[in-house]
Number of protein chains: 2
Amino acid sequence: MDPFLVPFGTPRPERADAVRNREHLLRTAREMIAAEGVDKVTMDGLAERAGLGKGTVFRRFGTRAGIFRALLDADERRFQEQVLSGPPPLGPGAEPVERLIAYGRARTAFLLDHQAIARAGLDRNRPVPASGASLTQLHLRMLLLQAAPMPHLDAVTVQLTAALEGPLVLYLSRPEGEAPLDPGAAGFFGDAWQTLIERLVHGPQAAPARDSRHDSRHDNGHDSRRGDRKGAP
Amino acid sequence: MDPFLVPFGTPRPERADAVRNREHLLRTAREMIAAEGVDKVTMDGLAERAGLGKGTVFRRFGTRAGIFRALLDADERRFQEQVLSGPPPLGPGAEPVERLIAYGRARTAFLLDHQAIARAGLDRNRPVPASGASLTQLHLRMLLLQAAPMPHLDAVTVQLTAALEGPLVLYLSRPEGEAPLDPGAAGFFGDAWQTLIERLVHGPQAAPARDSRHDSRHDNGHDSRRGDRKGAP
DNA sequence: CTGCGAAACGGGGTAAAGTCCGCTTAGGCT
DNA sequence: AGCCTAAGCGGACTTTACCCCGTTTCGCAG
């Protein structure tokens, strides 16, 4: 009976029933989202449909937004893996600039794919660092440091993080009316990001950012046509 | 008698009592905010304290966030005036690059000043363009076009808007616990913005060397992150 | 001054998030 | 196996944004 075997650091393992319930809730939430959309998912509704008490739902996720964050987490982890140990240029091995550009494109596509849930994971009255954003921040900081050391690096990193994640999570989301945002937008913002990065690193003389020949599997249909103006509502 | 005198375009003037009540509500709201902070302002509380019905409050502002947007509006308009017809470099007359930089600094300071209210004006489930952001977008677009024409201008503009406004309304706000964000942050993000713009326009060879007390190659006196259980592997 | 239609008002009603606390149960210990 | 306690559970309760609709008021025309 030595209580010092695990003095700190391991808060305690999670009880089996708790795990079971969490997974059941997550599964149920996914069903409800697929069936009726994110904002038809209410805490009472979820609890009832899962056959559990409302208190349990809150105990597991803390807040409504917490559910969506948990839902996103699995995919986020997969994305993270691609970045940390996948093939270049997204993963390690390519030049920093290439990686910056690849990261921006991949992240844009990711956010577009997960737009509804990512948005629902936001929490009025809490800052954003919803795990995803902070990875972006860390990663951008590292690559920027290598690719183009500059003054005020930390603040610039925060701003570029916002530039990358802000538009898709915040500025352009459709309220709930159908139109889940033209999928071409991914390529569109990806191209813009590339322009931004290339100019940051090489200056304006760099060749125009056409021809994104980044051809990993994240390339969900960018049949983007140029020349359209009007960027946002 | 002639209903075609004002056929369209002028929905109708606002009734005198309506105006009076709106102003009274705004005044009351300001008092409550000053006394107890933004999130102690509830619709019922405001209505009661103003001696009006709850329905009236909603009729005037539509939604809770609407109140804060209305509150911000006056200051926002004043800011807008400085930009559109104040003295350079913020107002017209200076070089586009100068104006871009000045705008970023001024906007940063503005947002920092109005952080609490701006944040409260956000509306879960509606995109952001809360009037303020769209002015930023328009203005940035115009100046960018003059200062450094580039491909994908519209999307880049959206991203830069996010870079400018995102950090202060989203990524860095204090939940409600005191610490209203170090006022030095204004200069900090202003400097970062300047770096960003100068590199976008001139490339990395440009010598920054500007005012401001930050001049190291990469400073780091910046809040990185708070208690984050099990950080990223 | 009087009548009238549209706008504004009031406040009770609903739905959904989040809190509390007494009861139940998993799972380590003896 | 039986105990014991912290973790987990449920659901009533509270708070708040937001809706609805019968009633009141404004302000214009005659």
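Chain identifiers are assigned alphabetically (A, B, ...) following the order of the sequence lines, protein sequences preceding nucleic acid strands; residue numbering begins at 1 within each chain. Because only heavy atoms are used, hydrogens play no part in the values below, and waters and symmetry mates are left out as well, while side chains stay in.
- Atom-to-atom, CG of A/D44 to C1' of D/dA12 comes out at 12 Å; the value is rounded to the nearest Å.
- Between A/D75 and A/I117, every side-chain heavy-atom pair lies at or beyond the 4.5 Å cut-off.
- Ring-plane geometry between A/H152 and B/F188 is classed as perpendicular, the angle between the planes exceeding 60 degrees on a 0 to 90 degree scale with a lower cut at 30.
- The two residues B/V41 and B/M32 make their nearest non-hydrogen contact at CG2-CB, 4.0 Å.
- A/D17 has its CG atom 12 Å from the P atom of C/dG28, to the nearest Å.
- Within the 4.5 Å cutoff, side-chain heavy atoms of A/E14 are placed close to those of A/R22.
- A donor N or O paired with an acceptor N or O is not found under 3.5 Å between the base of C/dA8 and the side-chain atoms of B/R15.
- Closest of all the heavy-atom pairs between A/L46 and A/A29 is CD1-N, 3.8 Å.
- In this structure, the CD1 atom of B/I67 is 13 Å from the C1' atom of D/dT16, given to the nearest Å.
- Distance, B/E48 CD to C/dC9 P: 18 Å, rounded to whole Å.
- Atom-to-atom, CE of A/M43 to P of C/dT19 comes out at 10 Å; the value is rounded to the nearest Å.
- Residue B/L140 comes nearest to B/Y103 through the heavy atom pair CD2-CD2, 4.2 Å, listed as atom of the first residue, atom of the second, then distance.
- The CZ atom of A/R49 sits 15 Å away from the P atom of C/dA16 (whole-angstrom rounding).
- Here the CZ-CG distance, from B/F68 to B/D73, works out to 14.0 Å after rounding to the nearest 0.5 Å.
- Only at 4.0 angstrom or more do the heavy atoms of residues 24-31 of chain A sit from any atom of DNA chain D, so none qualifies.
- Residues B/L160 and B/Q137 fail the side-chain proximity criterion, which asks for heavy atoms closer than 4.5 Å.
- Counting any heavy atom pair closer than 4.0 Å across all strands shown, B/A47 reaches no nucleic acid atom.
- Taking a 4.0 Å limit (strictly below) on heavy-atom distances, residues 53-66 of chain B reaches DNA chain D at B/K54, B/F58, B/T63, B/R64.
- Shown here for A/G190 and A/T108, the closest heavy-atom pair between the two residues is N-CG2, 4.4 Å.
- Atom pair A/E14:CD and D/dA6:P shows a separation of 18 Å (rounding to whole Å applied).
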